[in-house]
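Below: one structure, written as structure tokens.
Keep in mind that what you see is a predicted model, and the values were worked out from it rather than measured. Numbering starts at 1 and runs along the sequence shown. What's counted below: heavy atoms across the whole structure, side chains too, no hydrogens, waters or symmetry copies.
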Amino acid sequence: MSIPFHLAFSVKNIEDTKKFYTEVLGCTITKATDHWLNINFFGHQLSIHDNPQMKNDQKTITVEGKEVPLNHFGVILKKSDWDDMARKLKKAKVKFIIEPKLKHEKQVCEQAIMFLKDPSGNGIEFKCFTDPKHIFSNC
């Protein structure tokens, strides 16, 4: 059974954020005011709040040799949807922290990943497991 999650976070500019999540990622707005948005993020609810004073002092971790925000979110897609998203993001000339790539090749937990930031620096990761039954495997 799939149960949607709800995630609330801040952004520096609500209009830039709206454009990024709808025009670049292809998400839909489900509710909005001048200072917050609810977005359907691949079947999950993002509640995005305008905070112009938001700081960019995020802690990072090293993943695939790149510094990525420790606090980030994302979605695990089917392979065809992941491939479509990678093409869409490249076409939109999104700056990746980790370019679309295969990780743990030929291992049980083989997965495709890509990592980017929204206009406010919030980290977003897109994944696709070659064998979805290993999403929760300890490997």
Side-chain angles (χ1 to χ4, degrees):
M1 173 169 69
S2 177
I3 300 172
F5 68 81
H6 164 84
L7 176 67
F9 59 94
S10 297
V11 296
K12 293 178 187 175
N13 182 295
I14 203 76
E15 289 304 317
D16 290 347
T17 299
K18 183 189 296 186
K19 184 176 180 178
F20 176 79
Y21 282 88
T22 58
E23 295 178 19
V24 177
L25 297 185
C27 299
T28 55
I29 296 170
T30 59
K31 196 171 185 181
T33 70
D34 292 343
H35 57 276
W36 65 269
L37 309 166
N38 276 355
I39 291 184
N40 179 342
F41 182 76
F42 305 91
H44 305 283
Q45 184 188 57
L46 300 183
S47 186
I48 302 172
H49 300 267
D50 197 26
N51 179 7
Q53 292 80 34
M54 180 181 162
K55 303 273 190 248
N56 265 352
D57 57 356
Q58 297 178 342
K59 295 197 181 306
T60 61
I61 56 173
T62 304
V63 177
E64 298 294 309
K66 306 286 185 175
E67 293 300 310
V68 300
L70 173 62
N71 295 323
H72 62 273
F73 65 94
V75 65
I76 299 170
L77 301 171
K78 295 183 302 187
K79 179 71 168 125
S80 60
D81 294 335
W82 188 92
D83 289 338
D84 289 345
M85 181 59 70
R87 278 191 292 276
K88 180 191 291 187
L89 294 173
K90 286 179 180 179
K91 185 176 180 183
K93 298 188 184 330
V94 167
K95 182 180 176 191
F96 291 96
I97 298 172
I98 297 176
E99 294 277 338
K101 66 181 283 183
L102 194 59
K103 182 177 174 178
H104 308 304
E105 200 167 351
K106 297 186 170 103
Q107 297 178 33
V108 173
C109 292
E110 182 177 85
Q111 59 190 275
I113 66 166
M114 58 184 135
F115 207 107
L116 56 129
K117 292 181 183 179
D118 73 10
S120 295
N122 295 301
I124 306 171
E125 183 175 13
F126 290 93
K127 290 184 172 189
C128 168
F129 283 79
T130 302
D131 186 345
K133 73 181 178 197
H134 291 293
I135 291 171
F136 297 106
S137 292
N138 184 18
C139 43

When rounded to the nearest 0.5 angstrom, what distance separates [atom1] in [X] from [atom2] in [Y]?
{"X": "Lys12", "Y": "Lys55", "atom1": "NZ", "atom2": "NZ", "value": "9.5 Å"}
{"X": "Glu125", "Y": "Met114", "atom1": "CD", "atom2": "CE", "value": "10.0 Å"}
{"X": "Ile124", "Y": "Asp118", "atom1": "CD1", "atom2": "CG", "value": "5.0 Å"}
{"X": "Leu116", "Y": "Ile97", "atom1": "CG", "atom2": "CD1", "value": "7.0 Å"}
{"X": "Thr17", "Y": "His49", "atom1": "OG1", "atom2": "NE2", "value": "12.0 Å"}
{"X": "Leu70", "Y": "Ile61", "atom1": "CG", "atom2": "CD1", "value": "5.5 Å"}

Self-check item: Shortest non-hydrogen separation from Leu102 to Glu105 and the atoms involved
Solution: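 Residues Leu102 and Glu105, closest heavy atoms: CD2-CG, 3.6 Å.
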Is the closest side-chain heavy-atom distance between [X] and [Y] below 4.5 Å?
{"X": "Ser47", "Y": "His6", "value": "yes"}
{"X": "Asp84", "Y": "Lys88", "value": "no"}
{"X": "Trp82", "Y": "Pro100", "value": "yes"}
{"X": "Ile14", "Y": "Ile48", "value": "yes"}
{"X": "Leu7", "Y": "His44", "value": "no"}
{"X": "Asp131", "Y": "Lys133", "value": "yes"}

Quiz item: Looking at Phe41 versus Phe73, is the centre-to-centre ring distance below 6.0 Å?
Solution: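 Ring-ring flag for Phe41/Phe73: true, centres closer than 6.0 Å.
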With hydrophobic residues grouped by side-chain heavy-atom distances under 4.5 Å, do [X] and [Y] end up in a single group?
{"X": "Phe42", "Y": "Leu46", "answer": "yes"}
{"X": "Val75", "Y": "Leu37", "answer": "yes"}
{"X": "Phe96", "Y": "Val63", "answer": "no"}
{"X": "Ile98", "Y": "Val94", "answer": "no"}
{"X": "Ile39", "Y": "Leu25", "answer": "yes"}

Quiz item: Is any side-chain N of the basic residue among Lys79 and Asp83 closer than 4.0 Å to the acidic one's carboxylate O?
Solution: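 Looking at Asp83 together with Lys79, the answer is yes, because their closest N to O distance falls below 4.0 Å.
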Practice problem: For the pair Lys19 and Asp16, find out whether any cationic side-chain nitrogen is under 4.0 Å from an anionic carboxylate oxygen. | Solution: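 Salt bridge absent between Lys19 and Asp16.
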Exercise. Show your working on side chain to side chain contact (heavy atoms under 4.5 Å, CB included) between Phe115 and Glu64 and close with a plain yes or no.
Key: CA-CA 10 Å; Phe115 207 107; Glu64 298 294 309; over 6 Å; no
Practice problem: Answer with yes or no whether the side chains of Thr62 and Glu67 bring together a donor and an acceptor at under 3.5 Å. | Solution: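 Yes, side-chain donor-acceptor contact under 3.5 Å.
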Practice problem: Mind running side chain to side chain contact (heavy atoms under 4.5 Å, CB included) on Val11 and Phe20 for me, showing each step along the way? | Solution: CA-CA 12 Å; Val11 296; Phe20 176 79; over 6 Å; no
Practice problem: Could you walk me through whether Asn71 and Lys59 pass side chain to side chain contact (heavy atoms under 4.5 Å, CB included), step by step? | Solution: CA-CA 8 Å; Asn71 295 323; Lys59 295 197 181 306; over 6 Å; no
Practice problem: Step through the shown structure and confirm whether more than 12 heavy atoms of other residues, nucleotides or ligands are within 6.0 Å of NZ on Lys103. | Solution: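 More than 12 heavy atoms, drawn from other residues, nucleotides or ligands, come within 6.0 Å of this atom.
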Quiz item: Is a donor on one side and an acceptor on the other found under 3.5 Å between the side chain of His134 and the backbone of Pro132?
Solution: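 Pair absent, no side-chain N/O of His134 close to backbone of Pro132.
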